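First the structure, in the form of structure tokens, and then the observations on it.
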Amino acid sequence: MTLATLTAALLLALGDGAAAAPAQEPSAMALLKRMCGRIQAARTFTVRGQVSLELPVADGTLATFFNEYDTAVRRPDGLAAHRVGDLPDFRLVYDGKSMTILVPGQGKWATTNAPPTLDAMLPVADDQGGLNMPFDELLVADPCAAIMAGITVVVTTKPATIKGKKVEHVILSGPQLRIEYWIDPATALPRRSLVVYVDDPQRPHFQVEYAEWKLDPKLPASTFALPMPKGATQVDFRDAASAFQ
């Protein structure tokens, strides 16, 4: 797809004029479905990488924060996530029965009951603690359904290069979001993703770099357990979760 065609398709999706049929390029949909299918088929997976996100500082100006992450998933009922970097060191585990948080730098530990599936747990974590997991659309049972919610345009542009390796570049757009995936054609796994909140006046960006994908590794139950460490103080779940922002 040429740059002019891509621009026209995106303008059509975001414009307020009479809309034609949504632009969903077959080759782009094929790349997206292959990516989703590869992740969806894995009963367990782990991935590491870096997240950069823009958050408002005291005067409302956006600032960019960088964090390293390490995530493990067991479908349908396990999640372990660890973040370190510019924002506070933060650990979250979910085992199908409860969600537990540890904020080592603040000495806080908290736990609360949780639904029996990861799909049900994620919105509860958001509601009870404002926890929006990085790339949560890839954690659920049907990643493509989550990704495509509200999307009207799915197109490709010219391939890109990440660390010397050619990747396919897929762009999705809708009234609220623009999402981009850089997909490794050899593995069908994402190497990078970008979300732009186009319905926000400041249009904040959220970018994820993916590395060290491991599909279907053996994960012991201890992966999804987080006992209260010596010296930590148990607090309300929302109190501990506030360190996530």
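Starting from 1, each residue takes its place in the sequence as its number. Here the structure is a predicted model, which is why all the values come from computation and not from measurement.
- One N or O on the side chain of Asn67 and one on the backbone of Asp86 form a donor-acceptor pair closer than 3.5 Å.
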Side chains of residues 183-196: which donor-acceptor pairs under 3.5 Å do they make with residues two or more places apart or in other chains?
| unit_1 | atom_1 | unit_2 | atom_2 | d |
| --- | --- | --- | --- | --- |
| Asp184 | OD1 | Ala186 | N | 2.9 |
| Asp184 | OD2 | Lys165 | NZ | 3.1 |
| Thr187 | OG1 | Leu189 | N | 3.2 |
| Arg192 | NE | Glu209 | OE1 | 3.4 |
| Arg192 | NE | Glu209 | OE2 | 2.7 |
| Ser193 | OG | Tyr210 | OH | 2.8 |

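- Nearest heavy-atom pair, Pro88 versus Arg83, reported as atom, atom and distance to 0.1 Å: O-NH2, 2.8 Å.
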What do the steps show when you test Glu25 against Val154 for side-chain contact (heavy atoms from CB on, under 4.5 Å), and what is the final call? CA-CA 6 Å; Glu25 189 179 89; Val154 184; 6.0 Å; no

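- Every residue was checked against the side-chain hydrogen bond (donor to acceptor under 3.5 Å, both in side chains) condition with Thr71, not counting sequence neighbours, and none meets it.
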Could you pull out all donor-acceptor pairs under 3.5 Å where a side-chain atom in residues 48-62 meets a protein atom, sequence neighbours excluded?
| unit_1 | atom_1 | unit_2 | atom_2 | d |
| --- | --- | --- | --- | --- |
| Arg48 | NE | Asp70 | OD2 | 3.3 |
| Gln50 | NE2 | Glu68 | OE2 | 3.1 |
| Glu54 | OE1 | His205 | N | 2.8 |
| Glu54 | OE1 | His205 | ND1 | 3.4 |
| Asp59 | OD1 | Thr61 | N | 3.0 |
| Asp59 | OD1 | Thr61 | OG1 | 3.0 |
| Asp59 | OD2 | Thr61 | OG1 | 3.2 |

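- Clustering ILVMFWY residues whenever any of their side-chain heavy atoms sit less than 4.5 angstrom apart, transitively, puts Phe65 in a cluster other than the one holding Val84.
- Rounding to the nearest 0.5 Å gives a distance of 6.5 Å between OG1 of Thr157 and NE2 of His169.
- Remark: Leu118 CG to Tyr94 OH distance equals 6.5 Å, nearest 0.5 Å.
- Side-chain N or O atoms of Thr117 include one that pairs as donor or acceptor with a backbone N or O of Ala120 at under 3.5 Å.
- Residues satisfying the side-chain contact (heavy atoms from CB on, under 4.5 Å) criterion with Ala110, sequence neighbours excluded, are Val235, Phe237, Ala240.
- Contact check on Arg178 versus Glu180 returns a salt bridge, with a Lys/Arg side-chain nitrogen under 4.0 Å from an Asp/Glu carboxylate oxygen.
- In the hydrophobic clustering of ILVMFWY residues, with side-chain heavy atoms under 4.5 Å counting as a link, Leu226 and Phe90 come out apart.
- Listed by chain and residue number, His82 satisfy the side-chain hydrogen bond (donor to acceptor under 3.5 Å, both in side chains) test with Asp89 (two or more places apart in sequence, or in another chain).
- Through side-chain heavy atoms spaced under 4.5 Å, either directly or across other Ile, Leu, Val, Met, Phe, Trp or Tyr residues, Phe224 is tied to Leu219.
- Remark: Thr100 pairs with Thr111 by the side-chain hydrogen bond (donor to acceptor under 3.5 Å, both in side chains) rule, at least two apart or across chains.
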Please list, one pair per line, the donor and acceptor atoms closer than 3.5 Å that link side chains of residues 123-150 to other protein atoms, with sequence neighbours excluded.
| unit_1 | atom_1 | unit_2 | atom_2 | d |
| --- | --- | --- | --- | --- |
| Glu137 | OE2 | Tyr181 | OH | 2.7 |
| Asp142 | OD1 | Ala145 | N | 3.3 |

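- In the hydrophobic clustering of ILVMFWY residues, with side-chain heavy atoms under 4.5 Å counting as a link, Tyr69 and Leu92 come out together.
- Note on Met121: it clusters hydrophobically with Ile39, by side-chain heavy-atom contacts below 4.5 Å among ILVMFWY residues.
- Shown here are the side-chain hydrogen bond (donor to acceptor under 3.5 Å, both in side chains) partners of Arg74, two or more places apart in sequence or in another chain: Asp77.
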Leu32/Leu172 under side-chain contact (heavy atoms from CB on, under 4.5 Å): CA gap, chis, key distance, verdict: CA-CA 10 Å; Leu32 187 66; Leu172 304 91; 3.7 Å; yes

Show your reasoning for whether side-chain contact (heavy atoms from CB on, under 4.5 Å) applies to Trp109 and Ile101. CA-CA 6 Å; Trp109 182 91; Ile101 292 172; over 6 Å; no

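- Listed by chain and residue number, nothing satisfies the side-chain contact (heavy atoms from CB on, under 4.5 Å) test with Pro201 (two or more places apart in sequence, or in another chain).
- No side-chain donor-acceptor contact under 3.5 Å links Gln176 to the backbone of Val198.
- Sequence neighbours left out, the pairs with a member in residues 233-245 that pass salt bridge (Lys or Arg N to Asp or Glu O under 4.0 Å) are Lys108-Asp239.
- When all heavy atoms of Thr156 and Val170 are compared, the pair lying nearest together is CG2-CG2, 4.1 Å.
- The two residues Gly174 and Ile151 have their closest heavy-atom pair at N-CD1, 4.1 Å.
- Remark: Lys97 pairs with Asp95 by the side-chain contact (heavy atoms from CB on, under 4.5 Å) rule, at least two apart or across chains.
- With rounding to the nearest 0.5 angstrom, the CZ atom of Phe45 is 5.0 Å from the CZ atom of Arg75.
- One finds the CG atom of Leu79 at 7.0 Å from the CG atom of Leu122 (value rounded to the nearest 0.5 Å).
- Between the CE atom in Met29 and the CZ atom in Arg34 there is a gap of 15.0 Å [rounded to 0.5 Å].
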Chi angles and distances behind the side-chain contact (heavy atoms from CB on, under 4.5 Å) call for Gln24, Val153: CA-CA 5 Å; Gln24 295 187 359; Val153 168; over 6 Å; no

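- Of all heavy-atom pairs spanning Pro217 and Thr44, the tightest one is O-OG1, 2.7 Å.
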